[in-house]
Protein chains: 2
Amino acid sequence: MTSAETDDTAFLRAAIRAERKRWTEARHAVWEAFLQSQEGLTIPEAVKRVKALGIGQATVYRNVRELLQMGLLQWVHDPNGDHRFIAARMPHGHPVVCQRCKRVIWVDCHGLSAVERLAALETGFTVKGHHLEIFGLCPNCSRLSPDGEPHPGKPKSPRKPRR
Amino acid sequence: MTSAETDDTAFLRAAIRAERKRWTEARHAVWEAFLQSQEGLTIPEAVKRVKALGIGQATVYRNVRELLQMGLLQWVHDPNGDHRFIAARMPHGHPVVCQRCKRVIWVDCHGLSAVERLAALETGFTVKGHHLEIFGLCPNCSRLSPDGEPHPGKPKSPRKPRR
DNA sequence: GTCGTTGCAAAACATTTGCAGGCCT
DNA sequence: AGGCCTGCAAATGTTTTGCAACGAC
């Protein structure tokens with residue numbers, strides 16, 4: 001656990017240097033919180049996790065903003081549209097999110113650049129980037145519920161769109 | 001303008017029937033507000049637009065939630081992560097968003113199902129769906145600013161992640 | 001020493017809820 | 001008539017801000 005930490009810590013340290021920002025305990029702790037979460041965190045969740053370390057919520061908000069800008073964090077949604085943030089481990093990877101257990105696996109872009117090129121051709125846009133999330137069931141959950149929810153688009157308990 | 005409206009109104013009417021929900025003026029007005037916006041609306045923006053018609057904000061929240069569930073609305077982000085909602089005109093289409101003027105053009109899935117299949121193979125997930133947004137500059141804005149922002153990922157004015 | 005960063009608490013903003021009455025079907 | 005929908009206003013929850021002190025460089 002401690003040896004793996006070194007790696008991710010170095011990742012953060014390098015990004016901070018590149019941005020000429022400063023290394024602080026709080027920054028590190030926020031990053032760690034996201035790293036240690038398999039399924040991503042909403043900001044309030046992250047706040048809860050680091051409050052014990054004496055870190056204020058404003059600091060979490062400020063740091064999440066920066067980590068996003070540095071590309072160390074990426075956002076994902078559950079199908080309800082709820083915003084979660086997750087440590088971006090693979091450069092240019094895309095999250096595959098299990099709708100049941102919320103596990104996330106990263107996959108490469110694959111042929112997506114082809115889609116970009118095609119979109120560019122069709123629309124005349126100069127394509128600068130994209131955001132792709134894939135939803136489904138992880139192998140384990142898939143086994144548990146062969147076809148759990150009849151209507152993935154119409155959950156029983158209508159959830160909030162949250163801005 | 002009035003003749004085109006018929007089409008979209010019918011779209012809404014059909015969806016409402018299919019869901020056994022009720023046709024109301026408020027529901028229609030909210031839908032219209034999103035239809036008439038090229039670049040999508042945040043909920044507070046939508047509230048502002050229909051307030052003049054005597055529609056309360058709670059109603060807007062409630063209806064956006066339902067339109068989302070019906071698949072009539074789709075969410076998009078600006079690169080900062082801000083949540084906007086936009087009328088989904090093309091079934092299974094994906095928004096191509098101009099980062100400058102915020103114009104949105106819809107494109108088809110293209111080969112994306114191939115990406116889904118590949119992701120399924122690599123991760124073992126049972127893939128149920130995806131969410132793709134493509135960012136770039138529309139032809140017009142592209143001409144205006146051949147390379148406007150040097151760092152699309154690092155805007156000068158750090159914006160809020162908003163949950 | 002400088003200035004980016006921080007925690008705190010309050011302000012600002014966004015979203016949900018309870019309820020009585022209205023209006024689709 | 002029945003019950004989904006609505007507007008209102010208050011309750012809740014989320015995000016930002018101001019500021020003095022702290023700590024990294």
Side-chain angles (χ1 to χ4, degrees), chain A residues 9 12-31 33 41-70 73 75 77 80-85 154-155 157-163, chain B residues 9 12-33 41-70 73 75 77 80-85 154 157-163:
Chain A
T9 301
L12 173 61
R13 206 176 286 274
I16 286 179
R17 291 216 65 183
E19 302 272 332
R20 304 194 194 299
K21 307 217 172 219
R22 289 181 183 172
W23 173 271
T24 66
E25 259 320 301
R27 196 108 81 193
H28 183 199
V30 171
W31 169 236
L41 301 172
T42 64
I43 296 196
E45 281 166 0
V47 168
K48 231 168 284 168
R49 297 219 187 175
V50 297
K51 189 170 296 176
L53 304 174
I55 295 172
Q57 63 172 357
T59 299
V60 175
Y61 279 93
R62 290 186 276 234
N63 276 315
V64 165
R65 178 148 69 212
E66 297 192 337
L67 291 170
L68 274 173
Q69 284 173 16
M70 291 191 237
L73 242 40
W75 69 70
H77 300 92
N80 314 314
D82 255 11
H83 235 124
R84 313 181 79 77
F85 299 96
K154 290 165 210 163
S157 44
R159 292 294 317 293
K160 57 209 163 142
R162 245 348 139 162
R163 201 243 229 251
Chain B
T9 301
L12 173 61
R13 205 177 288 275
I16 285 180
R17 290 215 65 183
E19 301 272 333
R20 305 191 192 301
K21 308 220 174 217
R22 289 181 182 173
W23 173 271
T24 67
E25 260 319 304
R27 196 108 80 190
H28 183 199
V30 171
W31 170 237
E32 277 297 325
L41 302 171
T42 63
I43 296 195
E45 281 167 1
V47 168
K48 232 169 282 169
R49 297 220 187 174
V50 298
K51 189 170 296 176
L53 305 174
I55 295 173
Q57 63 172 356
T59 299
V60 176
Y61 279 93
R62 289 186 277 234
N63 277 316
V64 166
R65 179 148 67 212
E66 296 193 339
L67 290 171
L68 274 173
Q69 283 174 16
M70 292 193 238
L73 242 39
W75 69 70
H77 300 92
N80 313 316
D82 255 11
H83 235 125
R84 312 182 81 77
F85 299 96
K154 290 164 208 163
S157 45
R159 292 294 318 296
K160 56 206 165 146
R162 234 6 129 162
R163 204 247 224 252

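None of the values given here were measured: they were computed from a predicted structure. All chains are named by letter (A, B, ...) in the order of the sequence lines, taking the proteins before the strands, and each is independently numbered beginning at 1.
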Can you name the atoms? Protein N/O to nucleotides 7-12 of chain C N/O, anything below 3.5 Å, with the distance.
residue, atom, partner, partner atom, Å
C/dG7, OP1, A/G54, O, 3.1
C/dG7, OP2, A/G56, N, 3.3
C/dG7, OP2, A/T59, OG1, 2.0
C/dG7, N7, A/R62, NH2, 3.0
C/dG7, O6, A/R62, NH2, 3.3

Handout entry: Spacing between B/L41 atom CG and C/dA14 atom P, to the nearest angstrom
Key = 14 Å
Exercise for the section: Decide yes or no for B/R84 and B/E45: does some side-chain heavy atom of the first lie under 4.5 Å from some side-chain heavy atom of the second? Expected result: yes
Problem - Value in whole Å for how far the P atom of C/dA14 lies from CZ of B/F85 - result: 13 Å
Practice task
Starting from C1' on D/dT14, measure out to NE2 on B/H83 and report it in whole angstrom.
Solution key: 15 Å
Practice task
Using atom NZ of A/K51 as one end and atom P of D/dT14 as the other, report the distance to the nearest whole Å.
Solution key: 11 Å
Practice task
Going 5' to 3' through nucleotides 20-25 of chain D, assign each nucleotide B (protein heavy atom under 4.0 Å from a base atom), S (under 4.0 Å only from sugar-phosphate atoms) or - (no protein heavy atom that close).
Solution key: ---BBS
Completion exercise
note: B/R13, atom CZ; C/dC24, atom C1'; distance rounded to Å ~ 12 Å
Exercise for the section: Kindly compute the distance separating OG1 (A/T59) from CD (A/E25), expressed to the nearest 0.5 Å. Expected result: 13.0 Å
Problem - Side-chain heavy atoms of A/I43 within contact of A/Y61, under 4.5 Å - result: yes
Practice task
To the nearest 0.5 Å, tell me how far A/I16 CD1 sits from A/M70 CE.
Solution key: 5.5 Å
Handout entry: A/R65 CZ to D/dT14 C1', straight-line distance once rounded to whole Å
Key = 14 Å
Practice task
State, yes or no, whether a side-chain contact exists between B/T24 and B/R27 at a heavy-atom distance under 4.5 Å.
Solution key: yes
Fill in the blank from the handout: Rounded to the nearest 0.5 Å, the CG atom of B/N63 sits from the CD1 atom of B/I55 at a distance of 8.0 Å
Practice task
To the nearest Å, give me how far apart CD (B/E45) and P (C/dC13) are.
Solution key: 14 Å
Completion exercise
So CZ of B/R17 and CZ of B/R22: to nearest 0.5 Å the spacing works out to 13.5 Å
Practice task
Whole angstrom is fine here: how far is it from CZ in B/R20 over to C1' in C/dC24?
Solution key: 16 Å
Exercise for the section: Cation-pi check, B/R13 to B/W23: give yes when NZ or CZ is under 6.0 Å from the six-membered ring centre and within 45° of the ring axis, no otherwise. Expected result: yes
Exercise for the section: Enter the distance from B/L73:CG to B/R65:CZ here, rounded to the nearest 0.5 Å. Expected result: 13.5 Å
